[in-house]
2 protein chains.
Amino acid sequence: MRPERRTVRDLRRGNRAVLLRALYFAGPTSRHELTALTGLSAATVSNVTGDLLADDIIVEAGLVDSDGGRPRVLLRVNPTYGFAIGVDVGETHVRVELFDLDMNELAKSEFALRPGAHEVDVVVRHILTGIEAVVADSGVPPSKVLGIGVGVPGIVERGPEAMIHAQTFGWDSVPLGTLLRAGTPFPLHVDNGAKTMGQAEMWFGAGRGSRHAVIALIGSGVGASIIADGTTYRGANSSAGEWGHTKIAIGGRGCRCGGRGCLEAYIGAEAVLERAGIDFNTSTEQAAFADLVASGSPVIDETVEYLGAGLANLINLFNPERIVVGGWAGLLLGQHLLTTIKQKAAENCLTQPFSTASIVLGRLGPDAVALGAATLVVDEFLLSTTSASVSREPAVS
Amino acid sequence: MRPERRTVRDLRRGNRAVLLRALYFAGPTSRHELTALTGLSAATVSNVTGDLLADDIIVEAGLVDSDGGRPRVLLRVNPTYGFAIGVDVGETHVRVELFDLDMNELAKSEFALRPGAHEVDVVVRHILTGIEAVVADSGVPPSKVLGIGVGVPGIVERGPEAMIHAQTFGWDSVPLGTLLRAGTPFPLHVDNGAKTMGQAEMWFGAGRGSRHAVIALIGSGVGASIIADGTTYRGANSSAGEWGHTKIAIGGRGCRCGGRGCLEAYIGAEAVLERAGIDFNTSTEQAAFADLVASGSPVIDETVEYLGAGLANLINLFNPERIVVGGWAGLLLGQHLLTTIKQKAAENCLTQPFSTASIVLGRLGPDAVALGAATLVVDEFLLSTTSASVSREPAVS
DNA sequence: GTGACTTTTTTCAAGATATAGACTATGTAT
DNA sequence: ATACATAGTCTATATCTTGAAAAAAGTCAC
């Protein structure tokens, strides 16, 4: 069925990946501790770390004094072994950022988009220009760029084409992968923005330490990223997690997707503002929503009711240990009303799964899409580093 | 992080499992074909099959003539190497069945439960009596019983206690694993009945061949089994897939779980009959429901509307390649109204994920819970057969 | 029948791996 | 200085998978 490990050489590759990943997430660690973290024997840890040191993928990071014994040598991933570029394609902007492996931002390039106008060629040009700009600005040699991660709205098909379907964004079957690959030599990973943001929260934010989680993202629209057993769940065609258009009311309010009764039509910021009868445009949306939340309007009460039910549905279906509420609107709601949200979720959820799930706010703010996109590159790096050159095989989406 | 493979010996164990699983699901297969199916080299296939033959886990199954060449020897899993017992704990009965590895039913034992009365000690006694009965009836030596799988209503916590929480069944925190282990020496696996039935449909029914699927079960109550990448998704505490109590209408109809607006309150057979104002008791429920479906009542139209929306929510969230509609009420609805159900699902679903999901009816009928429970045992068997004795390590739930 | 040919399966030597346990390195304590 | 403690490395060993060669078990033409 699934290939898994076969030869004795895959064994090494796997153990190398396990060790590198442990080192990446645990930070500076001695060889001795690594035996416990990885389950490998001391001899193997010594061997594998030897390889990784020779490849300059990890470096020594000082000593730890001991009370009577040889001091431990700390090891860590070499933050400048390679660099990852993250791209955030949003409603109002294209943002390109370059990070080292510690996820320090070394350069940034941003382009505004006219609201409602996301011509494909314009976005592609911005992305490519941005990539060149951040590489130039940071002074990172192109050979050390491990790859590019791109977070976009809508559904992203897996595969080298990275076909994108985004109704509300006005993109229908756009082969973004093909378009970008024509303009840049770097390995490319394209994914839905909610999923990249979810991975950012899992790695560096409120999701840390959990293996089963859902990151709920509430902005103008509504999405979710589902983490099953530590990895982003994608389903058969990578569209899993389309929470915003699940039905919460049969024949209910109309949604911008064309359907009726979608959750997004009740808790998406755009829909909430419309329901409250507030005029706004894209540039004033966040401020208007913030005012509305602070005002204690009954529309917000209703929004919280629906949000609680929507979260309860996620808990019933996915049984996560943690729900992270993020997105700019989600953070605004949560900062004021988290207790009420939890209460409404409890009322609409089975007691057993609710009792084992904690609901928390996102920690990374609403702009972590690019960071998350860059983690796609790092994830691939941690999974398969051969000792050969940096960019060895053409990455696929 | 996760342990995975380590030593060179685990490699063999893994390849052995891969090969055995391929053989189990592909049926009689030659060594040559197995190289393609498993990706292993001919030499390794020869080695591993040699081991398995020596252990009597697989057997030769005839020759295939060739046109000019050595004929292929077919291999298959030895159906009488071991036997699995499946138990179905339902609303109205406890059913115990014993299967060989080909899932031929060799013996069966059934006990009626008084509707609404599921005292724990009575159920436990029935299960244990049933186990002894099927072993005796089949003449299978106890040493060849690989284990027992039990499918029960409600949420089953993982772990040796197999703690069960089933509100509608009247069981609150029942340590069924502990209770059963006190009365039987066989390795035990306890799981939710919807999940065991889902696995049965995946292995032998309408789910075959798909890796991402949802089995929707509609009977008196409503449940689902989610198959993610070929295995049952359980979430953090094994309660994932509680579809029946997701909210489809805020502040809607009351549900027997105590909540309001649950999907089950709209499409569960019990709720549908109540809504139609039909009197029934447990023994007449299925007939009454069948009559109602055939009558073309507007209540059924409404039920189909909600069912379509519920399925659409599953497709949006999980992006399966296949949805299997099962359970006795689901099968009745589907036989008459599958086209309408699909149409309602399409109306309530994003087009992209809907277009890649097929909605089909279950093939195993409503009584496959015990079969599915027995597959839990076989699954474990395929995963880890040491060459030692049959029951080597205490299984855990 | 027999030799040539074909296809499947097994055998064998080679290369690679993880591990246990012996051993070395590098400290502190007295 | 010496004893002790802890971290890390080295060595011998038992496995493993694999490619290539060899063997096995047929068919086919004559």
Side-chain angles (χ1 to χ4, degrees), chain A residues 3-20 22-23 26 28-54 58-76 386-388, chain B residues 3-20 22-23 26 28-54 58-76 386-388:
Chain A
E4 302 268 332
R5 304 287 152 69
R6 270 185 290 277
T7 165
V8 79
R9 230 155 177 171
D10 300 311
L11 203 55
R12 170 76 93 165
R13 221 196 323 278
N15 283 339
R16 184 178 160 117
V18 165
L19 202 150
L20 188 58
L23 210 44
T29 312
S30 72
R31 291 175 178 79
H32 196 69
E33 289 172 89
L34 283 172
T35 63
L37 260 70
T38 61
L40 297 169
S41 70
T44 300
V45 169
S46 194
N47 276 337
V48 176
T49 53
D51 282 2
L52 290 168
L53 279 166
I58 65 175
V59 291
E60 298 194 346
L63 301 183
V64 167
D65 288 347
S66 76
D67 31 24
R70 179 173 170 174
R72 287 179 270 195
V73 178
L74 295 181
L75 301 172
R76 57 170 303 181
T386 55
S387 47
Chain B
E4 302 269 332
R5 304 288 152 66
R6 269 185 292 276
T7 165
V8 77
R9 228 157 177 169
D10 300 311
L11 204 54
R12 169 77 94 165
R13 221 194 325 278
N15 284 340
R16 184 178 160 117
V18 166
L19 202 152
L20 189 58
L23 210 45
T29 313
S30 72
R31 292 174 177 81
H32 196 67
E33 290 174 88
L34 283 172
T35 62
L37 260 71
T38 61
L40 297 169
S41 69
T44 300
V45 168
S46 191
N47 278 337
V48 176
T49 53
D51 281 3
L52 290 168
L53 279 166
I58 66 176
V59 292
E60 299 193 345
L63 301 182
V64 166
D65 289 346
S66 75
D67 32 23
R70 180 173 173 173
R72 287 177 271 196
V73 178
L74 295 181
L75 301 171
R76 57 170 301 180
T386 55
S387 46

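Residues that satisfy the side chain to side chain donor-acceptor pair (under 3.5 Å) test with Ser46(B), not counting sequence neighbours, are absent from this structure. The side chain to side chain donor-acceptor pair (under 3.5 Å) test applied to Arg76(B) returns Asp102(B), not counting sequence neighbours. In this structure Ser30(B) satisfies the side chain to side chain donor-acceptor pair (under 3.5 Å) test together with Glu33(B), sequence neighbours excluded.
Atom CG in Leu75(A) sits roughly 11 Å away from atom C1' in dG8(D) (whole-Å rounding). Nucleotide dT6(D) holds its P atom 15 Å from the CD atom of Glu33(A), rounded to whole Å. In this structure, Leu34(A) places its CG atom 19 Å from P of dT6(D), rounding to the nearest Å. Here the P atom of nucleotide dT26(C) and the NE2 atom of His32(A) are 18 Å apart, to the nearest Å. As rounded to whole Å, 15 Å separates atom C1' of dT17(C) from atom CG of Leu19(A).
Closest of all the heavy-atom pairs between Leu75(B) and Leu23(B) is O-CD1, 3.6 Å. Of all heavy-atom pairs between Thr49(B) and Arg31(B), the closest is OG1-NE, 3.5 Å. Between Ala42(B) and Thr35(B), the shortest heavy-atom contact is CA-CG2, 3.6 Å. Pairing each heavy atom of Val48(B) with each of Arg16(B), the nearest pair is CG1-CA, 3.8 Å. Pairing each heavy atom of Leu63(B) with each of Val73(B), the nearest pair is CD2-CG2, 3.7 Å.
Comparing the local axis fitted to the first five base pairs of the helix from dG1(C)-dC30(D) to dT30(C)-dA1(D) with the one fitted to its last five gives a bend of 10°, rounded to 10°.
For the pair Pro71(A) and Thr49(B), nearest-nucleotide mapping onto DNA chain C gives the more 5' position to Thr49(B). Two residues, Arg31(A) and Arg70(A), neighbour DNA chain D, and the one matched to the more 5' nucleotide by heavy-atom proximity is Arg70(A).
A donor-acceptor pair under 3.5 Å is absent between the side-chain atoms of Thr7(B) and the main chain of Asp10(B), judged by distance alone. The backbone N or O of Leu40(A) lies less than 3.5 Å from no partner atom in the side chain of Thr44(A), so there is not a single donor-acceptor pair.
One finds the CZ atom of Arg12(B) at 4.5 Å from the CG atom of Asp51(B) (value rounded to the nearest 0.5 Å).
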Below 3.5 Å is the cut-off: list the nitrogen or oxygen pairs between protein and nucleotides 28-30 of chain C, distance only.
residue : atom : partner  : partner atom : Å
dT28(C) : O4'  : Gly68(A) : N            : 3.4

Base versus backbone protein contacts along nucleotides 10-20 of chain D [heavy-atom cut-off under 4.0 Å; B, S, -]: B----BSSBB-
